[in-house]
Amino acid sequence: MLYSQLVMDHFQNPRNVGKMEDADGIGEVGNAKCGDIMKMYIKVEDGKISDVKFNTFGCGSAIATSSIATEMIKGKTIPEALRLSNQAVVEALGGLPAHKIHCSVLAEEAVKAAVKDYYDRHGISYDEKLFRFCDHEHDENEEDN
Amino acid sequence: MKIYVDNAATTKMSQRAIQAMMPYLDGVYGNPSSLHTYGQEAAEALENAREAVAKAIGAEANEIYFTSGGTEADNQAILTGAILGERKGKKHIISSKFEHHAVLNTLKQLEKQGFTVTLLEVYENGLVRLEDVKQAIREDTGFVTIMMANNEIGTIQPIREIGALCRERGILFHTDAVQAVGHIPVDVKKLKVDLLSLSGHKFHGPKGVGALYVRKSVPLQKFITGGAQERGKRAGTENIPGIVAMAEALQESIENLSESQNHILSMRDRLIEKLREIPHSKVNGDLQYHLPGTVNMCFEGIEGESMLLLLDAKGIAASSGSACTSGSLDPSHVLLALGLPHEVAHGSLRLSLDAANTQEEVTYICEVLPEVVAYLRSISPVWEELEKGERKHVI
Ligand SMILES: Cc1ncc(COP(=O)(O)O)c(C=O)c1O
């Protein structure tokens, strides 16, 4: 099988899937050209992420990583959410095929982008370095040999 | 329900092919190069198979060389074209943008060795234009290779016209007919091809066996060197069970061709008619010059791999040209060659039908697929933007 049972479970029964009308922060990462876009919505109450939702355009692992990432940050403080790493997402899913690791990176970035948006909207200052990923691009030309 | 609609990837072996193969797995095990009766029995089976394959495509037996499949046949054909061209100082090769990787990557290799390759446009309808071939021919063009039917979208190229043109200009012409043989009539004499590749597993024969047709006057070049098998042109003890079964499968396909074509066409037409109703969808490739069984569509706002996984969970086995299924970041080169934007090409689906599929299965697919597309759209931020008008619909 391409994916583990857990990945398939998150893909087929995604947690926290949907949109959020009154989000405090919205992050969107990836691009349609490369085949993955994740959009993450967070609701913040008393410094904690009280609710989270996501929408994803992408492959099975893009949907699964978004799903598990929302579970991993729900109820957490913002600094805790910012510490979510792509490795942690991969581990929580019990592994991903090598060429799908970039999906877990997107999941981490989607969380960070949502927090950044929350900070921006609320005039909270932050260290720009935390969000440096925000404007990178995929390599356009991959030569095969 | 379990529905296999990925017959362009590979087909199930037919019972007749399996039955034909069995004696050569369990009983007749001689090496056809051996002089004794064991060997001669195998040699006879080999030559009967060669006759059968030749007859199926309008060739003569001594024009057929067995290979390990379509990929090897393509490699050897292209190598032959390159070497024969080079001998005359002609190092320009013409092909098309949407060939199979067996052709494209072989041509890339030749470019590194100093050959120049022109890849022709295939336009939105997925057809090479004869006029473009004419235009592309130069003083130093030594070889043309254009596929007969495209594996992803199923469009059929004007091989007969290109064949006549190349013959007239004295240019060697190869066609990768892996998707065509056994599915539509193929006659090498009428098509005026010099070389033609075919592969057993695309028409209910076994995997790992194919053949290259080489017109009598063309000196085929060695690709795999070793013993004197295949008249010294392809070394290695022959895969007798595979070759016998492939020949049987090919005969069977051709006997059933017209009957199965009608059945497959009527299923395909229903599929297209129904699936077209999904908003912002597109059927790819010209439908007139088209294999009976292949349907390729794009659905805007969703990604192909997740569509395949959901279909598979509902018992439908299909394929897609999305990047995630190709193992790279780019979607299929075939869909990009049609001019589809990346984001649309990511949402492609190929359904390839076979005579064994049924109208009930088509009905089921037509029920399930729109639901899957609608669900994936409901969780897709791209679809949301399309709906809100923040992103422009392309299809
Ligand atoms: C058009 C085309 N050419 C070549 C091949 C390669 O054939 P094989 O799988 O027998 O190596 C295929 C099938 O994968 C094909 O569809």
Side-chain angles (χ1 to χ4, degrees), chain A residues 1-3 5 7-20 26-41 53-67 70 96-100 102-103 106 110 113-114 137-145, chain B residues 101 104-105 108-109 111-112 298-314 320-333 335-336 340-348 372-373 375-388 390-394:
Chain A
M1 278 307 278
L2 174 61
Y3 295 128
Q5 255 182 338
V7 175
M8 282 307 287
D9 181 43
H10 274 273
F11 165 64
Q12 290 183 306
N13 311 294
R15 329 292 199 260
N16 303 307
V17 68
K19 304 179 184 84
M20 195 188 285
I26 302 176
E28 186 172 310
V29 295
N31 74 53
K33 193 167 174 245
C34 298
D36 316 277
I37 291 191
M38 283 181 199
K39 191 166 182 179
M40 200 152 301
Y41 304 81
K53 287 269 185 279
F54 81 92
N55 264 190
T56 291
F57 161 87
C59 58
S61 65
I63 292 172
T65 53
S66 321
S67 165
T70 61
L96 277 178
H99 64 286
K100 299 290 188 178
H102 74 274
C103 293
L106 273 185
E137 283 278 324
H138 284 298
D139 281 347
E140 292 264 320
N141 304 306
E142 255 191 298
E143 256 267 51
D144 70 355
N145 297 302
Chain B
H101 284 121
L104 282 183
N105 286 340
K108 257 192 202 166
Q109 215 54 42
E111 278 183 316
K112 287 183 190 156
C298 285
F299 304 99
E300 211 174 4
I302 64 173
E303 192 280 332
E305 189 205 87
S306 43
M307 178 165 42
L308 290 189
L309 291 171
L310 290 178
L311 288 174
D312 190 42
K314 297 197 185 259
S320 166
S322 84
C324 281
T325 53
S326 74
S328 81
L329 282 179
D330 283 325
S332 119
H333 68 286
L335 299 174
L336 295 180
L340 290 169
H342 279 64
E343 55 270 32
V344 174
H346 284 301
S348 77
V372 166
V373 172
Y375 164 69
L376 287 172
R377 281 177 172 172
S378 77
I379 66 165
S380 161
V382 174
W383 183 250
E384 186 189 358
E385 288 173 15
L386 288 163
E387 288 285 88
K388 284 187 181 160
E390 292 163 6
R391 179 190 284 272
K392 269 212 159 70
H393 281 289
V394 188

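Order of the sequence lines sets the chain letters (A, B, ...), proteins ahead of strands, with each chain counted from 1. Hydrogens, waters and symmetry mates are skipped; everything else that's a heavy atom, side chains included, is used. Since the model is a prediction, treat every value here as computed from it, not as a measurement.
Interface remark: A/S66 contributes no atoms to any contact with chain B (heavy atom separation under 4.5 Å). Proximity to chain A is absent for every atom of B/R377, based on heavy atoms less than 4.5 angstrom apart. Contact annotation for A/I37: both backbone and side-chain heavy atoms come within less than 4.5 Å of a heavy atom of chain B.
Taking each heavy atom of A/F57 and B/G301 in turn, the nearest pair found is CD1-O, 3.2 Å. Between A/A32 and B/V382 the shortest heavy-atom distance is CB-CG2, 4.2 Å. For B/L309 against A/G60, the heavy-atom pair with the smallest separation is CD1-CA, 3.8 Å. Pairing each heavy atom of A/P14 with each of B/Y375, the nearest pair is CG-OH, 3.3 Å. The heavy-atom pair separating A/F11 from B/S306 by the smallest distance is CZ-O, 3.4 Å.
Remark: side-chain polar atoms of B/H346 are paired, donor with acceptor, to backbone N or O of A/K33 under 3.5 angstrom.
The line from OG1 of A/T56 to CD of B/E303 is 11.0 Å long, rounded to the nearest 0.5 Å. Rounded to the nearest 0.5 Å, atoms CZ (A/F54) and CD1 (B/I379) are 5.5 Å apart. Taken from CD in B/E385 to NZ in A/K39, the straight-line distance is 6.0 Å, to the nearest 0.5 Å.
Crowding of B/E390 atom CD: a count of heavy atoms from other residues, nucleotides or ligands under 6.0 Å exceeding 12.
Put simply, of B/P381, B/G347, B/P341, the one with the most heavy-atom pairs under 4.5 Å next to chain A is B/P381.
Between A/L2 and B/E305, the closest side-chain pair of non-hydrogen atoms falls below 4.5 Å.
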